[in-house]
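Following: one structure in structure tokens, then a few remarks.
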2 protein chains.
Amino acid sequence: MKYDSRKDEIIQTSAILFKKKGFSAVTMRDIAKEMGIKAASLYNHINSKQEILSEIIISLAEQFTEQMKSIKMSDESSIDKLKQIVALHVNITSKNQFGMASLNNDWMHLEAQLPYYLKLRKNYENDFRNIIEKGIKDNELITQNPDVMVFSMLSTLRSLYIWLPKKEDLDIEKFTTELSLVLINGINK
Amino acid sequence: MKYDSRKDEIIQTSAILFKKKGFSAVTMRDIAKEMGIKAASLYNHINSKQEILSEIIISLAEQFTEQMKSIKMSDESSIDKLKQIVALHVNITSKNQFGMASLNNDWMHLEAQLPYYLKLRKNYENDFRNIIEKGIKDNELITQNPDVMVFSMLSTLRSLYIWLPKKEDLDIEKFTTELSLVLINGINK
DNA sequence: GAATCAAACTAACACTTGTTAGTTTTAGTT
DNA sequence: AACTAAAACTAACAAGTGTTAGTTTGATTC
């Protein structure tokens, strides 16, 4: 019914608290206190605690889905596609460090939206693996278990929300290049 | 006062539930129900919910600390040390997939033991970075930001608890070799 | 100045939380 | 059969949970 900027403020504030303590450990009174109002007042803007979590997670998941779509449909090499995926994660995470924590840690507390979230995640991982499998077939990548490669890269990319905030004055572009190098070419001289 | 195997059973059962829902979302009644007893009965064996979490996390953190000690003191090459760190994570995680979830996700809910845990973690990361820095100086590793290398490798290793259980019939030894290859030499042909 | 409306408030609800106290059951030992 | 000790039980607690209902505030519009 209502969509206003106060709602966004609640969502943003909640995301900060969710990152610090996790969804379940944060109470409506915690969120309200952080905003300088009473818990009951939150319900003028949102319908439930659940809804806050959904808004945080689903909007991010959809951003990943959307951008993966354009990456996979482009006609670049597999390695260039992988570099674009690295950039995608760095960009979204640098703009949403708090929300990314919920996406990674609290997705299981989604209720009505859980199946939808799981579908998006599964599709994303499949797209990722398909790019790697094509890279192997085209002799761009080493012949190794693609599952291990996806796992390794995606684990690192999913952990960016922990690491990026620690490096406040980071040159994002430079970091993206550096991380791509490490992930794709390794650290061995 | 008391240390018995029923206590271990509680800890193990709790770890399973903590992995599924997170520490805060699991109630003493959940744990009791899973064991077929009443919540109050748990207190014949443990002193608090907190204590369960501490036992899970601290014992694992100490295992990592101890084994890192022997790795760093050995006189192998930096690359071989890194391979041993990979093996360390795979081994501990394959034997403690549930506890490793708590270690990764619920450490912030430690109370009295939190400073001790943070100290162990910081030391571990420092040891890890020192090995990488020596590898760079010795011309074994590429000249890149060691922080990025530690972050990348450690993120993957810390996520093993999510991935290993999905591959039940995995040859642990083979997987360790494969993962070392991907992490150290990359995926580029 | 009256009316409007978003957004705050107070008060309360039904339920769940971790935990304690005191009691009974269970099973093994004498 | 009596004793013991571990480990279960029932009952209750004080505090905290998400949420609702109804009311007041404060700024904007007529």
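Every heavy atom of this structure was used, including side-chain atoms; hydrogens, water molecules and symmetry mates were not. Chain identifiers are assigned alphabetically (A, B, ...) following the order of the sequence lines, protein sequences preceding nucleic acid strands; residue numbering begins at 1 within each chain.
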Exercise. Does anything in residues 25-41 of chain B reach DNA chain D, meaning a heavy atom under 4.0 Å, and if so which residues?
Worked result: B:Arg29, B:Ile37, B:Lys38, B:Ala40, B:Ser41
Problem set entry | OG-CG distance between A:Ser48 and A:Leu42, expressed to the nearest 0.5 angstrom | 11.5 Å
Problem set entry | Separation of atom CZ in A:Phe23 from atom P in D:dT17, rounded to whole Å | 13 Å
Seminar exercise, completed: Between CD of B:Glu51 and C1' of C:dT19 the distance, given in whole Å, is 14 Å
Exercise. Can you find a side chain N or O atom of B:His45 that sits less than 4.0 Å from OP1 or OP2 on D:dA8?
Worked result: yes
Under 3.5 Å, which donor-acceptor pairs link side chains of residues 18-25 of chain A to any protein atom two or more places apart or in another chain?
from: A:Lys19; atom 1: NZ; to: A:Gln97; atom 2: OE1; distance (Å): 2.8
from: A:Lys19; atom 1: NZ; to: A:Tyr161; atom 2: O; distance (Å): 3.3
from: A:Ser24; atom 1: OG; to: A:His109; atom 2: NE2; distance (Å): 3.4

Exercise. Is A:Lys69 paired with A:Glu66 through a side-chain N to carboxylate O contact shorter than 4.0 Å?
Worked result: no
Could you pull out every donor-acceptor pair under 3.5 Å between side chains of residues 141-155 of chain A and any protein atom, sequence neighbours left out?
from: A:Asn145; atom 1: OD1; to: A:Asp147; atom 2: N; distance (Å): 2.9
from: A:Asp147; atom 1: OD2; to: B:Lys167; atom 2: NZ; distance (Å): 3.1
from: A:Ser155; atom 1: OG; to: A:Phe151; atom 2: O; distance (Å): 2.7

Exercise. What is the distance, rounded to the nearest whole Å, between atom CG of B:Asn47 and atom P of C:dA21?
Worked result: 13 Å
Seminar exercise, completed: Separation of C:dT19 atom P from B:Gln50 atom CD, nearest Å, is 8 Å
Problem set entry | Rounded distance (Å) that lies between atom P of D:dG16 and atom NZ of A:Lys21 | 12 Å
Exercise. Excluding sequence neighbours, so at least two apart, what forms side-chain contact (heavy atoms from CB on, under 4.5 Å) with A:Asp171?
Worked result: A:Glu173, A:Lys174
For this session: Answer with yes or no whether A:Asn44 presents, from its side chain, a donor or acceptor under 3.5 Å of a partner atom in the base of C:dA6.
Result: no
Seminar exercise, completed: In 5'-to-3' order, the base (B), backbone-only (S) or no-contact (-) status of each nucleotide in nucleotides 23-28 of chain D, using a 4.0 angstrom heavy-atom cut-off, is ------
Exercise. About how many Å separate CG of A:Leu82 and CD1 of B:Ile187, when rounded to the nearest 0.5 Å?
Worked result: 5.5 Å
Problem set entry | B:Leu42 CG - C:dT17 C1' separation (whole Å) | 14 Å
Exercise. A:Ile10 has an atom CD1; how far is it from atom P of D:dT19, in whole Å?
Worked result: 13 Å
For this session: Quick one: which residue pairs count as a salt bridge (charged side-chain N to carboxylate O under 4.0 Å, His left out) with a foot in residues 98-125 of chain B, not counting sequence neighbours?
Result: B:Glu125-B:Arg158
Exercise. Hey, is B:Glu55 close enough to B:Lys7 for a salt bridge, meaning N to O under 4.0 Å?
Worked result: yes
Exercise. Please give, in whole Å, the distance from C:dA6 C1' to A:Glu9 CD?
Worked result: 14 Å
For this session: Before giving the answer on side chain to side chain contact (heavy atoms under 4.5 Å, CB included), spell out for A:Leu60 and A:Gln63 the whole-Å C-alpha distance, their side-chain angles and the decisive distance to 0.1 Å.
Result: CA-CA 5 Å; A:Leu60 285 170; A:Gln63 284 184 53; 3.9 Å; yes
